[in-house]
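Single-structure report; data block below.
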Amino acid sequence: MSYLVEPPVITSRPPSKVAVALGSTLSLCCEASGSPRPKVQWSRAQQSPDSTLAFQEKGCLEINPVMNNSDGDYMCQARNRFGLAETTTTVILTTKS
């Protein structure tokens, strides 16, 4: 019996930059494949890798509501015991007009 061994590959990535209005809801989704199935986690790029963000489900991060400190870089990491894949999204705040 052979087992398939695959490091993670991000199969669906969010845009590299997202402009979002203060007070709105932001949803970023990231999907990955691999064997064994990779664990997908979001974190703020400026913070330690151990500080994962709340409101994550099935590879999606939701920020509700978007606040003044919600801008910056968010990193999606897919990890299994054979490797790591990551992608970063920059969130830019806009004001409601």
Check whether the side chains of Glu86 and Gln77 place a donor and an acceptor atom closer than 3.5 Å, and report yes or no.
yes
Looking at Met75 and Thr88, what are the two nearest heavy atoms and their distance?
CG-OG1, 4.0 Å
Minimum-distance pair of heavy atoms, taken over all atoms of Val66 and Ala21:
CB-O, 3.7 Å
For Pro65 and Gly23, the nearest pair of non-hydrogen atoms, with its separation, is CB-O, 3.8 Å
Apply side-chain contact (heavy atoms from CB on, under 4.5 Å) to residues Val18 and Tyr74 and explain how you reach the verdict.
CA-CA 11 Å; Val18 174; Tyr74 290 81; over 6 Å; no
Leu26-Leu22 co-clustered via ILVMFWY side chain contacts under 4.5 Å
yes
Do Cys60 and Cys30 have their SG atoms under 2.5 angstrom apart?
no
Specify the closest pair of heavy atoms between Pro38 and Asn80, including all atoms of both residues, with the distance to one decimal.
CA-CB, 4.1 Å
Quick one: do Val40 and Ile10 end up in the same hydrophobic cluster if we chain Ile, Leu, Val, Met, Phe, Trp and Tyr together by side-chain heavy atoms under 4.5 Å apart?
no
For the pair Ser27 (side chain) and Glu62 (backbone), establish whether a donor and an acceptor sit closer than 3.5 Å, ignoring hydrogens and angles.
no
Would you check if there is a donor-acceptor pair between the side chains of Thr90 and Asp73 at a distance under 3.5 Å?
yes
Keeping the roles fixed (side chain from Ser35, backbone from Glu6), state whether a donor-acceptor pair exists under 3.5 Å.
no
Between Thr11 (side chain) and Glu31 (backbone), is there a donor-acceptor pair under 3.5 Å?
yes
